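Heads up: the structure comes next, in structure tokens.
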Amino acid sequence: MENRKVKNMIFSLFILLLVSGCDTTEVSDKTLTFAWEKNAGPLNPHQTIPNQMYAQAMIYESLVKYGKEGKIEPWLAKSWSINQDATEYTFHLREDVTFSNGERFDALAVKANFDALLKNAEKLKWLQIMKMLKSTEVVDDFTVKIYFKDSYFQALQELTLIRPIRFIAPSQIPESGNTGDGIKSPIGTGPWVLESTELGAQDTFVRNENYWGNKPDIQKVIVKIIGDPNTRALALETGEVDLLYGKPGQVYPDTFKRLQSNPDYDVKLSTPFATRTITFNTTRPGLNDIAVRKAINHAVDKDSFNKLVLNGVYTTADTLFSKTVPYADIPLEPYAFDIETAKQLLNKSGWILDDKSGVRSKGDVTLEFGLLYNGKDAVMKSIAEYVQNSLDKIGIKINLVAQERSVFFSLQNKGEFDLVFNRTWGVPYEPHVFMSGMTRKNNADYEAQQGLENKSYIDELITEALLTPDDDVRRENYKIVLTELHEKAVYLPISFSGSVAISGKRVADFDMAHMTYYVPFEEMKIAN
């Protein structure tokens with residue numbers, strides 16, 4: 001495995017040197033160079049893939065933001081009020097905000113964006129607030145009122161999300177009024193402006209000189225498009241890029257460990273705020289047997305894996321959510337690593353081991369499954385190989401299915417998988433937004449749970465939890481749902497993870513973002 005990586009690194013370095021030799025981009029003392037696996041996309045604030053969330057967060061802002069202590073704080077709205085049954089939210093906007101092209105940000109701009117969202121609401125109902133949204137009203141130049149179809153007490157938290165409720169200049173909304181048809185240009189109120197895009201090569205962002213808040217110290221962010229984790233690491237080591245930031249799969253675990261021990265690099269880890277899991281499709285023959293799902297949970301030594309493969313960077317996860325997530329601090333018994341228990345569960349359920357193939361079967365069903373993963377994610381690949389080897393020991397054959405990122409997510413959301421890598425979304429998505437996703441089609445969790453006899457009951461409990469004003473009811477419903485999913489072994493939790501940052505000496509010290517999908521460029525500085 002190491003020899004293969006060395007060969008890949010040599011080839012990647014050759015390619016990197018060729019690319020570097022052709023690069024004519026001017027890098028000043030106020031320019032930060034960053035690496036990402038693909039272009040930022042059209043940067044439509046109201047849409048998902050292929051728009052990259054780190055870039056959407058650079059350009060667009062929301063009415064309120066999620067503070068470091070979990071408190072909802074003012075942003076484009078300086079204050080707000082909510083009626084008694086939480087069906088009407090009134091926002092008082094800042095009066096000193098303009099879009100990067102000079103257009104005024106006001107109540108009319110807010111309404112134009114909400115109207116555009118409503119025209120494409122069906123495709124956005126992965127988010128509960130979009131199911132509840134009814135209309136908006138301009139009260140005066142800088143006051144807007146949002147109406148919901150029913151009481152919705154979680155609206156403020158969902159308004160903090162990177163997408164889809166952020167604001168583009170009304171002039172950039174298409175004539176149809178529906179941003180689902182696309183946008184003209186990505187013009188927001190945020191601290192950055194997209195200057196140029198070179199497909200497959202780089203995106204360049206410059207500081208928004210019209211920004212209403214504190215302007216970033218950095219003047220330009222160049223995002224190099226580097227899909228391979230080895231090549232990204234080499235780009236950092238050769239000085240081609242200054243910063244790697246994001247999910248752990250930005251680099252291979254052994255590369256991470258090597259750079260972590262090198263004093264020439266600053267390696268940071270955020271507080272863990274999401275759970276990496278493998279999700280089982282309970283509708284698939286074999287996986288529709290709870291004994292098989294439980295056996296898989298018992299057969300994987302996650303503690304050893306996290307120490308040996310992930311180098312102890314993240315803590316082992318035994319539940320879908322960390323106990324630090326609101327409403328998730330409930331007593332659930334972990335599935336202890338125990339190969340014999342795993343074998344006994346399979347034996348008792350009638351799965352017979354074929355001595356020749358080494359694979360178990362029952363009737364015409366064989367315990368052979370595909371494990372879908374993002375082929376560009378270095379950590380996913382390492383975990384997939386470890387799980388494959390672990391399950392081979394109990395007579396379950398795993399075929400690794402690597403896909404390009406967009407294909408991976410498409411298959412994941414459609415439920416076209418046996419086993420698939422998944423992760424919870426971290427704050428501020430947990431628990432409400434993530435749980436809401438379990439109730440809608442074209443969501444990996446919804447599709448995976450379709451084989452459960454009480455799936456409709458689970459959905460009813462989640463829906464009630466999202467709508468009720470009674471926090472005790474919400475807490476009890478979430479407890480029932482999380483207990484049921486755990487006891488039915490729908491997931492194989494792997495580790496609690498956050499974000500990784502690896503930077504060279506050009507980047508001054510900075511604080512890691514406290515939320516998923518953010519890269520805090522506006523807080524970074526070039527070191528003296």
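Numbers here simply count residues along the sequence, with the first being 1. Everything numeric here is computed off the predicted structure, so don't read it as measured data.
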*Return the set of residues passing ring pair (Phe, Tyr, Trp, His ring centres under 6.0 Å) with F280 (not counting sequence neighbours), or none when no residue passes.*
none

*Heavy atoms only: give me the nearest E523-D511 pair and the separation to one decimal.*
OE1-O, 4.3 Å

*CE/M130 to OG/S436 distance, rounded to the nearest 0.5 angstrom?*
12.0 Å

_Enclosure of K38 NZ (heavy-atom neighbours >12, cutoff 6.0 Å)_ = yes

*Quick one: does E416's side chain have a donor or acceptor within less than 3.5 Å of a partner on Q412's backbone?*
no

Scan the side chains in residues 159-166 for donor-acceptor partners under 3.5 Å anywhere in the protein, sequence neighbours excluded, and list what turns up.
{"unit_1": "T160", "atom_1": "OG1", "unit_2": "Q157", "atom_2": "O", "d": "2.6"}
{"unit_1": "R163", "atom_1": "NH1", "unit_2": "N51", "atom_2": "O", "d": "2.8"}
{"unit_1": "R163", "atom_1": "NH1", "unit_2": "Q56", "atom_2": "OE1", "d": "2.9"}
{"unit_1": "R166", "atom_1": "NE", "unit_2": "L161", "atom_2": "O", "d": "3.1"}
{"unit_1": "R166", "atom_1": "NE", "unit_2": "I162", "atom_2": "O", "d": "3.4"}
{"unit_1": "R166", "atom_1": "NH1", "unit_2": "Y60", "atom_2": "O", "d": "2.8"}
{"unit_1": "R166", "atom_1": "NH2", "unit_2": "T160", "atom_2": "O", "d": "3.3"}
{"unit_1": "R166", "atom_1": "NH2", "unit_2": "Y518", "atom_2": "OH", "d": "2.4"}

*Judged by atom type as modelled, is there a donor-acceptor pair below 3.5 Å linking the side chain of N422 to the main-chain atoms of T279?*
no

*Only one of Y517, F34, W192 forms a ring pair (Phe, Tyr, Trp, His ring centres under 6.0 Å) with Y54, so which one is it?*
F34

*asked:* Quick one, W36 and V241 - any side-chain contact, counting heavy atoms below 4.5 Å?
replied: no

*Taking every non-hydrogen atom, the tightest pair across I168 and Q172*: CD1-CB, 3.8 Å

_Within the 4.5 Å heavy-atom criterion, are D445 and L485 side-chain neighbours or not?_
no

*How many angstroms lie between atom CD1 of I173 and atom CG of N113, to the nearest 0.5 angstrom?*
4.5 Å

_Flag side-chain contact, heavy atom, 4.5 Å: L259 against L236_ = yes

*Say whether D203 and N39, considering side chains only, have a donor N or O and an acceptor N or O under 3.5 Å apart.*
yes

*Is the ring centre of H432 less than 6.0 Å from the ring centre of Y327?*
yes

*Can you sort out the partners of E368 under side chain to side chain donor-acceptor pair (under 3.5 Å), two or more places apart, ordered by chain and number?*
N399

*Just checking, any donor-acceptor pair under 3.5 angstrom between side chains of D181 and S176?*
yes

*How far apart are the closest heavy atoms of R423 and S497, and which atoms are they?*
NH2-OG, 3.8 Å

*So, for I187 and F99, which heavy atoms are closest and what is the spacing to 0.1 Å?*
O-CD2, 3.8 Å

*asked:* Determine whether the aromatic ring centres of residues F369 and F417 are separated by less than 6.0 angstrom.
replied: no

*Polar side-chain atom of T516 near backbone of W425 as donor-acceptor pair, under 3.5 Å*: yes

*Could you tell me whether the side chain of F337 reaches within less than 4.5 Å of the side chain of H298, counting heavy atoms only?*
no

*Kindly indicate whether the side chain of T271, heavy atoms from C-beta on, has any atom under 4.5 Å from the side chain of H514.*
no

*What are the two closest non-hydrogen atoms of P191 and P216, and how far apart are they?*
CB-CG, 3.9 Å

*Flag side-chain contact, heavy atom, 4.5 Å: L452 against I458*: yes

*Could you give the distance from CG (N44) to CD1 (I59), rounded to the nearest 0.5 Å?*
11.0 Å

*In Å and rounded to the nearest 0.5 Å, what is the CD1 to CG distance from I226 to L234?*
9.0 Å

*Taking all non-hydrogen atoms of both residues into account, name the closest pair between N297 and A489 and its distance.*
ND2-CB, 3.9 Å

_Less than 6.0 angstrom separating the ring centers of F305 and Y386, yes or no?_
yes

*Are side-chain heavy atoms of D377 and F408 found at a separation under 4.5 Å?*
no

*Can the positive tip of K268 be found less than 6.0 Å from the middle of the six-membered ring of F510, inside 45° of the ring normal?*
yes

*With a 4.5 Å limit on heavy-atom distance, are the side chains of N120 and K123 in contact?*
yes

_Can you confirm if the aromatic rings of F205 and F521 lie within a centre distance of less than 6.0 Å?_
no

